[in-house]
Amino acid sequence: EMRRVHGTYRGPTGVSGSPSNKTEGLEDLREAVNAVSDQLGRRLKFVVGKPGLDGHSNGAEQIAFRARDCGMDITYDGIRMTPEELVAQAQDDGAHVVGLSILSGSH
């Protein structure tokens, strides 16, 4: 009800599509991702989700960064996503993997 009345605020967050310049030591993982992607016929797709009210996004972003640096095609749309939004995103993207970061148990 609150979202319908007031809308949804999502603070600035996200992950660039460009790999970082710190990919040394990831060669074996990148080769494995390439091999799986070849078998799938497209790049391995990983959706990282941050459902609920938890605003602590650093862990989810770090996982998304490293998955991207390992060669995966990643989507991370930030914090405060509803389960329905995450399912729709995974379906729209044709995700092979969905990872959820939920740290709101004590909130």
Contacts of N34 that satisfy side-chain contact (heavy atoms from CB on, under 4.5 Å) - sequence neighbours left out: R43
Pairwise distance SG(C70) to CD(E27) - rounded to 0.5 angstrom: 10.0 Å
Shortest non-hydrogen contact between R30 and R68, atoms and distance: NH1-O, 4.4 Å
Which residues share a side-chain contact (heavy atoms from CB on, under 4.5 Å) with Q62, sequence neighbours left out: N58, F65
Where S57 and K50 come nearest, the two heavy atoms and their spacing: CA-CE, 4.1 Å
side-chain contact (heavy atoms from CB on, under 4.5 Å) partners for L40, two or more places apart: V36, L44, H96
Side-chain heavy atoms of F46 within contact of I63, under 4.5 Å: yes
Under the side chain to side chain donor-acceptor pair (under 3.5 Å) test, residues paired with T75 that sit two or more places apart: K45, D93
Remaining members of the apolar cluster that contains L26, side-chain heavy atoms under 4.5 Å: L29
Contacts of type side-chain contact (heavy atoms from CB on, under 4.5 Å), residue L100, not counting sequence neighbours: P51, L86, V98, I102
Closest non-hydrogen atom pair between A90 and V47, with its separation: CA-CG2, 4.1 Å
